Structures are given as C-alpha cells and as structure tokens.
Enquirer: 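Following this message is one structure expressed as structure tokens.
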Amino acid sequence: CIRLNSVLRATGRALSTTAGKKQRPLAAETSDQHHGTRNNFSDVQSVRHEQARHSVLIGCPARINENKFLKYLSQYGEVASHFFFDSNGTHAVVEFVDLQSVESLLSGTKIPNDEDLFVVPYKSRYIRVKTTEVGQQAASSLTPPPPPQSPPASRVFQLCPLLSALEEQAHVLQDELQLTEESVRLRYLVSSLISDIATAYFPEATVHLYGSSVNSFGKMGCDLDLFLNLEDIKGYKSGKTPSSYSAEFWMRRVSSGRTAQQKILSVIGECIDSFGPGCNEVQKILNARCPLVRFSHQSSGLQCDLTADNKIALRSSELLYIYGNLDHRVRPLVFSLRCWARVHGITSCIPGQWITNFSLTMMVLFFLQKRNPPVIPTLDQLKNLAGKKEKIMVDGNDCTFVGDLNKIKQSANTESLDTLLIEFLEFYGKFDFRTNCIDIRKGIEKNKPEAAALYIQNPFEQTLNISKNVNQSQLQKFVNLTQESAFTLQDQARRSSKNGKPWGLASILQTTSSDKGATTKRNKKVSASERIGSLLDSLKDNGNTGKTEAEH
Ligand code: GTP
Ligand code: MG
C-alpha cells in the first residue's frame, strides 16, 4: 500500500495547488501526455477506487474562503487533495489522506433541520458545509470553474492554422476533449457513492466503472457507465473441522439470472431515487437486453447508466485501454475520428441506426492491425501473452488477454499520424462491407456470418455483431464521408500553399454535401469555428451514447 499512498499523495499535491486549472488524468501524470501510460488497467482502477473512498463531495457557500474551508476540514484529518467546481452552487471534492478522517467528518456532520418537510435520515458522503460568517471574502485565487463535465472552450480552431502538422492538430483536439483529472475523480466518487447504496443491501457487491470513463477514449461530457458486480458474492470458506454437517444460506430462487438482475436493479434504482445523494430523473429500463437503471447525478452533471453483472463490458473496456496506451498514435487517431464522425452526424447522442463510438473505435483498431507492419497486435496475440491469472472465462466466453503493458512489444510501424488518418479514410472508403466482417481478434477480414449492413464481430461474444443496429443508409453515409475526407486531405497534400484556409483536421471537420439533411444553404461550407462550436454544444448534451438495446 506504500506505492498506492505515494501515488495518492503525489496526485493530491498537484491538485490542491492548482484548483480550477485543467488537470491531467492520473494515467497521463506518470508519463508524457501524448505517449500514453504503462500503468496497468487494474492498478489504475485500484488507485482511483481508493482515492474515491477517501473522498467526500461537499456543497459549499457561494463565496468560499478556501483557506478557512481547508482549515475547518483539517480538524478532521490531513487533506490530500481538493478542487472546487460550480454546478447548482459551489461544490468541492475533498480527498483525505486517511479513511478515518472521512468517518470523523461524517460523525461531526448534522442531520439538517427542515420545518416543512420530513428529512429521510440516509447519511452519505455528499454533505453541505455552511458558515455563519457574514460577508466573507472569496479567496483571491478561487473562482470555481464549471463542473468538470462541460467541455472547455476549444482552442482547436484558433490554433489549427498556426500548427504546421496535422499530428499537432490531433493532439490539440485530444487535449481539449479528453477527460480532465477532476472529471475522472468526480466519476469515481459518484461510483463510490452509488456503491455505498448498493452495499447496504449486498455488502460484498462492488460497483465498477466501464466504457469511455475508463477505456482511455472518454471525452468531456460522456456518460458514466457503471456496473454492479454481484459475482464475487460467493461467501464460502471451507469448514473449520471436517464434519458430516455443512451450512448454506436460505436464499430466494428466481427463474433466471436475468430475472435476478432485474429485481436487484429495480430495488437499487428505487433506493437511488428515494435516498440517492444528488440523484434524480431515475428511470428503470429493465426490459432492455442488458437491464439498466439510468439517472442523472445533478451536482456533477453526469448521466449515469447502472447495469448488473456486465463483466464482459469491463473486459472490453480494459482491452480498449490497453490498445489506447500501447502506441502513442492510437488515442489521437481515435479522438480525431470520433470527433470527425460526430461533426458529420455519423455518430449521435441518441440511440438508433447510427454507428456508435464503440463500433467506430473497433474499426480504427482493426485498421491499425491491418497496417504493414501492424501498429497494434491482434486480440489473439494479446491472448497468447496472457499469464495464468489472466485466463478469464465469462459465461463461457474467452476473455483472456495480457494485462501487463510491459509484456507487449512496441510496434515496428513508424507511419505518421497524418498518414494513418488518410489511410484510415481510404481503407474504409474501399472496404468491401458487402461480404466482409471486421474482427479484431484475428485482425483479418472474414466472410460475414449473416446479413447485416455492417458486421463487427464482438471480440468476446464471438457470435454477436456489435454493429447490428447500423442500417445500409448510415453505412453508406460513412463510406461517402470517408471518400470525401480522404479526397480533401489528398488534395491539400498536393498543394503546397494553405492559402490561409482551414487545412488538415480542421478542413475535414467542416460539414459537407453528404451530411444528413444538407440543404443548398448548408452545402456551403460553414466556418470551422462554427463547426467546432456546434460540436462542443453537442458534447454538452451529455446524454445517451447510442447504446443499442439490440446488442448491448
Ligand atoms: P461513449 O459514447 O463515449 O459513451 O462510449 P462508450 O464506449 O462508453 O459507449 P457506451 O456508453 O455506449 O457503452 C459502454 C460500454 O458498453 C462500451 O465501452 C462497451 O464496452 C459496451 N458496449 C457498448 N455498446 C455495445 C454493443 O453494441 N455491444 C457490446 N457487446 N458491448 C457494447
Ligand atoms: Mg459510455
């Protein structure tokens, strides 16, 4: 635990001295921002979970004196890190060095008095700090920034014309869109607060984050995907002394695992609705293929989806994390293409027949496996490197792959990001979607096993298509766009002068004639700054992620 503590302290120092400034996620702190991290997924997860357990969410007076606030908290124990943000009032996330300090703060916290309404006495780590001081002065440096979920004002288009390489543009885009340190901490803290509710019923259950919050491709405003892990409730240690007697729990039986999940999620959803600190708009979507409870966490601005026993999705997230951190070109390429797809309406925040971010990421990974030499290994190659503990079967599906990034050989491919972006567009502009299916396990095209416009084989549940929801017209739109964007970039490469026009990434982030619902007026290229403006607006809606009930 020494290593864990030193990571916590190091991160804490960085945070507390720079409240309000954009922070890089822990993973990036230990390495160069654009060259990924060698931290294993499980190590990052445990550090983050520990940070969250040591943290409290505090509603603060509007004009808070930071020094006095910290002095007040320090009577309960040493503060490791803190930051403020403004969302429905000023809030702070405060992490203590010791767990006992959290307990001590909570035991020194009153149950509120309300003369008109009855207060439900559910205590959580979301508290409010009040002050009796009149006319207090704000600490000189403290202007709480907006909640860490809203995208910051973009510098992409201001900077793009000044940058001499597309690669630099991609890095600026990634810097602007990726999750900040504060956002990551807030996500783990919300997960930890939900875990406190779930463990009131199931003390051995755990709540995990999955999806883009943890897979290294998350952008500001993406949803918070959580799953309630009940699998580890096994509760059996071999008997003390050999005996002809043995004991088992008297437990309810239901017809299927799915029914059990629905019942459990229903109850937890009810609790979140009735007592969940800062949670509202709770919807129970229990008849979906993967039953879930959706709710909004008000003070963090996070849209949360809680599922039960979704272990395969956690393995998918770890796999994407590995690919994202294996080679320095993967994340900027994925961020650029996710952004490009969103601007042109290829992906959407509403579920439907669109390509999802998850599918698009799989397409990028497949393309990178197909380079010569490959930029990233296939899933089967990662499987062959796995140690004993990494041999994992989930519901009969082989989810084995190596988790230690240091065991994976660096790629011999030296192509630039510019080349990879153009080649991606050309690759899918010519791809034979009619007969072929995409498979990152083998890294080669295969015949489609069944009719579907786009077939991307689920890497773990290998008989499933993760893009079953995509229809022919959406696929065609994607293909047309790849061709147009490839042409734009190639055309620019032929001309040496940029004529002051948007170029590189900036040029392909403009709307084009193939964009949906294009009218004659819209066919005129709108200015780059307008496009990024609406992109950022669309990111703000912070809602659904195109998750399909059909397959998810
Ligand atoms: P965002 O759009 O940024 O939220 O990306 P995301 O990767 O978090 O996607 P989403 O919230 O839609 O789904 C969360 C996770 O669920 C993904 O990362 C996948 O692991 C898994 N998932 C999503 N869609 C599918 C699907 O169609 N099939 C399968 N098998 N898993 C999916
Ligand atoms: Mg998501």
Side-chain angles (χ1 to χ4, degrees), residues 41 149 151 174 177-179 183-184 187 190-191 208-227 285 288-297 302-324 331 334-335 337-339 341-342 346-365 379 394-395 397 399 401 438-441 452-470 474 535 538-552:
F41 184 77
Q149 305 319 322
Q174 181 188 322
L177 298 183
Q178 72 186 347
L179 298 176
S183 179
V184 173
R187 283 164 188 266
V190 170
S191 153
H208 297 265
L209 292 87
Y210 71 99
S212 55
S213 301
V214 293
N215 68 15
S216 81
F217 300 115
K219 63 178 174 0
M220 295 297 275
C222 67
D223 67 351
L224 174 61
D225 301 298
L226 299 172
F227 94 86
I285 309 171
R289 181 175 182 268
C290 184
L292 70 127
V293 173
R294 176 165 293 168
F295 58 94
S296 154
H297 190 263
L302 285 167
Q303 179 76 32
C304 310
D305 279 353
L306 175 70
T307 55
D309 275 345
N310 205 351
K311 233 176 180 169
I312 290 200
L314 187 65
R315 285 300 276 168
S316 297
S317 303
E318 176 165 2
L319 182 65
L320 294 198
Y321 172 90
I322 286 173
Y323 281 129
R331 290 182 70 227
V334 171
F335 270 95
L337 287 164
R338 278 191 174 202
C339 183
R342 185 63 178 266
I346 296 292
T347 54
S348 167
C349 61
I350 310 160
Q353 290 158 334
W354 298 273
I355 295 175
T356 61
N357 275 329
F358 183 56
S359 296
L360 181 66
T361 307
M362 288 292 173
M363 291 168 96
V364 181
L365 298 179
L379 177 51
V394 180
D395 301 331
N397 298 298
C399 298
F401 57 84
I438 290 167
D439 173 18
I440 67 157
R441 179 168 281 279
L454 174 62
Y455 199 109
I456 304 177
Q457 184 179 300
N458 184 322
F460 300 119
E461 291 164 285
Q462 292 179 50
T463 54
L464 298 180
N465 171 14
I466 66 160
S467 51
K468 195 174 173 178
N469 60 311
V470 178
Q474 286 303 317
L535 164 72
S538 73
L539 295 173
K540 268 184 208 149
D541 54 25
N542 178 26
N544 275 313
T545 52
K547 208 173 300 184
T548 59
E549 287 185 18
E551 217 282 324
H552 179 68

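Only this structure's heavy atoms are used, side chains among them; waters, hydrogens and symmetry mates stay out. Order of listing sets the numbers, starting from 1, for every ligand and every atom in it. Here the structure is a predicted model, which is why all the values come from computation and not from measurement.
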Enquirer: Measure the distances from the heavy atoms of Lys468 to every atom of ligand 1 and state whether one is below 4.0 angstrom.
Expert: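 Lys468 does not count as a contact of ligand 1 under the 4.0 Å cut-off.
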Enquirer: Do any nitrogen or oxygen atoms of Asn458 lie less than 3.5 angstrom from nitrogen or oxygen atoms of ligand 1?
Expert: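 So ligand 1 has an N or O lying under 3.5 Å from an N or O of Asn458.
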Enquirer: List every atom of ligand 1 that sits less than 4.0 Å from any heavy atom of Gly211, numbering the atoms from 1 in the order shown and giving each element.
Expert: 8 (O), 14 (C), 15 (C), 18 (O)
Enquirer: So which bit of Arg289 gets within less than 4.0 Å of ligand 1, heavy atoms only: side chain, backbone, both or neither?
Expert: neither
Enquirer: Got a donor-acceptor contact below 3.5 angstrom from the Asn215 side chain to the Leu319 backbone?
Expert: no
Enquirer: What is the name of the N/O/S atom of Asp223 that is nearest to the Mg ion (ligand 2)?
Expert: OD1
Enquirer: Please determine whether side-chain hydrogen bond (donor to acceptor under 3.5 Å, both in side chains) holds for the pair Ser191 and Arg187, giving the CA-CA distance in whole Å, both sets of side-chain angles, and the decisive distance to 0.1 Å.
Expert: CA-CA 6 Å; Ser191 153; Arg187 283 164 188 266; over 6 Å; no
Enquirer: Would you say the side chain of Cys339 lies within less than 4.5 Å of the side chain of Leu177, judging by non-hydrogen atoms?
Expert: yes
Enquirer: Determine whether a donor-acceptor pair (N or O, by modelled atom type, separation under 3.5 Å) exists between the side chain of Asp223 and the backbone of Cys304.
Expert: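 Judged by distance alone, no pair lies under 3.5 Å.
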Enquirer: Say whether Asp223, considering both its backbone and side-chain N or O atoms, lies within less than 3.5 Å of an N or O atom on ligand 1.
Expert: yes
Enquirer: N/O to N/O below 3.5 Å, does that happen between Ser317 and ligand 1?
Expert: no
Enquirer: Would you say Ala313 contacts ligand 1, with heavy atoms under 4.0 Å as the rule?
Expert: yes
Enquirer: Which atoms of ligand 1 are found less than 4.0 Å from any heavy atom of Cys222?
Expert: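 Checking each atom against Cys222, I get 3 (O).
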Enquirer: Asp305 side chain to Asp225 main-chain N or O, any donor-acceptor pair under 3.5 Å?
Expert: no
Enquirer: Any donor and acceptor pair, going by atom type alone, linking the side chain of Arg331 with main-chain N or O of Gln178 inside 3.5 Å?
Expert: no
Enquirer: Applying a heavy-atom cut-off of 4.0 Å, say which part of Ser212 lies close to ligand 1: side chain, backbone, both or neither.
Expert: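 Within the 4.0 Å criterion, Ser212 contacts ligand 1 through backbone and side-chain atoms alike.
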Enquirer: Which atoms from ligand 1 have a heavy atom of Asn215 less than 4.0 Å away?
Expert: 7 (O)
Enquirer: Could you see which bit of Tyr210 sits under 4.0 Å from ligand 1, with heavy atoms only: side chain, backbone, both or neither?
Expert: side chain
Enquirer: Where does the angle between the aromatic ring planes of Phe227 and His208 fall among parallel (under 30°), tilted (30 to 60°) and perpendicular (over 60°)?
Expert: parallel
Enquirer: Tell me, do Arg338 and Thr347 make a side-chain contact under 4.5 Å, heavy atoms counted?
Expert: no
Enquirer: Please verify whether a non-hydrogen atom of Asp225 lies at under 4.0 Å from ligand 1.
Expert: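 In this structure, Asp225 qualifies as a contact of ligand 1 - some heavy atom is under 4.0 Å.
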Enquirer: Short question: side chain of Thr307, backbone of Leu292 - any donor-acceptor pair under 3.5 Å?
Expert: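 Checking the backbone N and O of Leu292 against the side chain of Thr307, no donor-acceptor pair under 3.5 Å is found.
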Enquirer: Answer yes or no as to whether an N/O/S atom of Asp225 is found below 2.8 Å from the Mg ion (ligand 2).
Expert: yes
